[in-house]
Peer 1: 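Handing you this structure, nothing more for now.
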Amino acid sequence: MRFSEKVWQLCRKVPKGKVTTYKEIAAAMKTKAYRAVGNALNRNPMTLFAKGSIQKRDIVPCHRVVGSDGSLVGFARGLGKKAEMLRKEGIKVKNNKLVNFEEALYTYYGKRKV
DNA sequence: CGCAGTCTAGCAC
DNA sequence: GTGCTAGACTGCG
């Protein structure tokens with residue numbers, strides 16, 4: 001479970017109006033299981049995991065997590081919903097893809113130089 | 001476009 | 001308790 005918890009915390013670290021990628025999260029935890037990251041986000045956070053450092057009030061904003069391409073991959077609630085939420089946060093989405101992706105991209109390493 | 005790599009969670013035995 | 005399958009992904013051919 002440690003894995004999932006870490007994923008959620010990293011997700012919560014993402015400020016509003018910003019997004020992150022599975023790759024970044026996985027890299028932040030020194031892993032390469034991008035799939036496992038998404039998997040953890042998919043199953044656990046939605047069910048509210050009030051345990052340990054995780055606060056039930058602070059659910060994981062899984063909608064702020066996008067693919068490495070800045071595309072709205074996955075999301076069981078519906079990509080359209082995800083896009084809408086992101087747009088409300090100030091992130092522009094076009095055709096299930098982030099317009100200002102790199103602009104709104106939040107990295108745990110500080111910065112990412114193109 | 002299709003296959004391989006990586007990790008966790010769930011189900012079956 | 002151990003083993004196999006499936007999955008919100010990514011990278012290479």
Side-chain angles (χ1 to χ4, degrees):
Chain A
M1 287 296 233
R2 213 71 50 202
F3 184 86
S4 318
E5 285 183 36
K6 200 177 290 190
V7 175
W8 312 337
Q9 287 176 73
L10 287 168
C11 275
R12 294 191 308 142
K13 271 167 59 103
V14 180
K16 195 185 84 148
K18 290 270 219 168
V19 294
T20 190
T21 71
Y22 298 100
K23 194 184 194 310
E24 286 298 316
I25 297 172
M29 57 178 42
K30 299 287 198 279
T31 189
K32 283 172 279 189
Y34 319 112
R35 262 173 131 166
V37 175
N39 212 332
L41 284 170
N42 176 24
R43 308 181 91 131
N44 297 299
M46 283 183 173
T47 52
L48 291 188
F49 214 86
K51 172 185 187 173
S53 346
I54 307 295
Q55 302 168 57
K56 57 181 164 191
R57 300 292 182 185
D58 270 333
I59 57 174
V60 183
C62 15
H63 64 273
R64 279 183 208 159
V65 188
V66 300
S68 58
D69 246 338
S71 8
L72 277 61
V73 292
F75 211 59
R77 293 306 213 225
L79 295 179
K81 190 85 173 177
K82 186 173 186 171
E84 218 172 293
M85 293 160 81
L86 290 170
R87 201 173 292 182
K88 286 202 311 180
E89 303 230 319
I91 300 160
K92 296 170 181 68
V93 183
K94 175 88 68 180
N95 194 17
N96 284 352
K97 278 192 175 64
L98 303 188
V99 178
N100 50 347
F101 168 53
E102 295 192 24
E103 202 176 309
L105 177 60
Y106 176 86
T107 57
Y108 304 97
Y109 292 117
K111 209 70 64 177
R112 167 183 286 195
K113 61 183 180 83
V114 183

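Keep in mind it's a predicted model, so treat the numbers as computed, not measured. So you know, we letter chains A, B, ... as the sequences are listed, proteins then strands, and number each from 1.
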Peer 1: Identify which nucleotide among C:dA8, B:dG5, C:dG7 has an atom closest to any side-chain atom of A:Tyr34, counting heavy atoms from C-beta outward.
Peer 2: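 Ranking C:dA8, B:dG5, C:dG7 by closest atom to the A:Tyr34 side chain puts B:dG5 first.
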Peer 1: Working to the nearest 0.5 angstrom, can you tell me the gap between A:Asn100 CG and A:Lys18 NZ?
Peer 2: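 A:Asn100 CG to A:Lys18 NZ: 10.0 Å, rounded to 0.5 Å.
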Peer 1: Please give the nucleotide sitting opposite B:dT6 as a Watson-Crick or G-U wobble pair, both distances under 3.5 Å, or none.
Peer 2: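 Base partner found: none.
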Peer 1: Taking NZ from A:Lys30 and P from B:dC7, how many angstroms apart are they, rounded to a whole number?
Peer 2: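 Atom NZ in A:Lys30 sits about 15 Å away from atom P in B:dC7.
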Peer 1: Is there a side-chain contact between A:Ser4 and the phosphate of B:dT8, meaning an N or O under 4.0 Å from OP1 or OP2?
Peer 2: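 Looking at the OP1 and OP2 atoms of B:dT8, neither is under 4.0 Å from any side-chain N or O of A:Ser4.
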Peer 1: From CG of A:Asp69 over to P of C:dC12, roughly how many Å is that when rounded to an integer?
Peer 2: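 It works out to 13 Å between those atoms.
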Peer 1: Using whole Å, report how far CZ of A:Arg35 lies from C1' of C:dA8.
Peer 2: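 After rounding, the reported distance stands at 10 Å.
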Peer 1: Take the protein atom NZ of A:Lys82 and the nucleotide atom P of C:dA8, then report the distance between them rounded to whole Å.
Peer 2: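 Rounded to the whole Å, the gap is 12 Å.
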Peer 1: Would you mind reading off the distance between A:Phe3 atom CZ and B:dA9 atom C1', rounded to a whole angstrom?
Peer 2: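 Roughly 11 Å, once rounded to whole Å.
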Peer 1: Please report the distance, rounded to the nearest Å, between CG in A:Leu10 and C1' in C:dA8.
Peer 2: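 Nearest whole value for this atom pair: 16 Å.
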Peer 1: If you check every side-chain atom of A:Asn39, which of B:dT6, C:dA8, B:dT8 has the closest atom?
Peer 2: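 Per side-chain heavy atoms of A:Asn39, the pick is B:dT8.
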Peer 1: Should A:Phe101 and A:Val99 be regarded as members of a common hydrophobic cluster, given that ILVMFWY residues are connected when their side-chain heavy atoms come within less than 4.5 Å of each other, either directly or indirectly?
Peer 2: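 No: no chain of side-chain contacts under 4.5 Å links A:Phe101 to A:Val99.
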Peer 1: Just the rounded figure in Å: distance from C1' of C:dG7 to CZ of A:Phe75.
Peer 2: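 From A:Phe75 CZ to C:dG7 C1': 16 Å.
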Peer 1: Give the minimum heavy-atom separation between A:Ser71 and A:Val66, together with the two atoms involved.
Peer 2: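 Where A:Ser71 meets A:Val66 most closely, the heavy atoms are O-CB, 3.7 Å.
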Peer 1: Go through C:dC9, B:dT6, C:dG11 for me and flag the one nearest to the A:Val73 side chain.
Peer 2: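 Selected nucleotide (nearest to the side chain): C:dC9.
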Peer 1: Do A:Met85 and A:Leu98 sit in the same hydrophobic cluster, where Ile, Leu, Val, Met, Phe, Trp and Tyr count as joined when their side-chain heavy atoms come under 4.5 Å apart?
Peer 2: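 A:Met85 and A:Leu98: separate clusters.
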Peer 1: Taking atom P of B:dC7 as reference, at what distance in whole Å does atom NZ of A:Lys6 sit?
Peer 2: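 It is 13 Å, rounded to the nearest whole Å.
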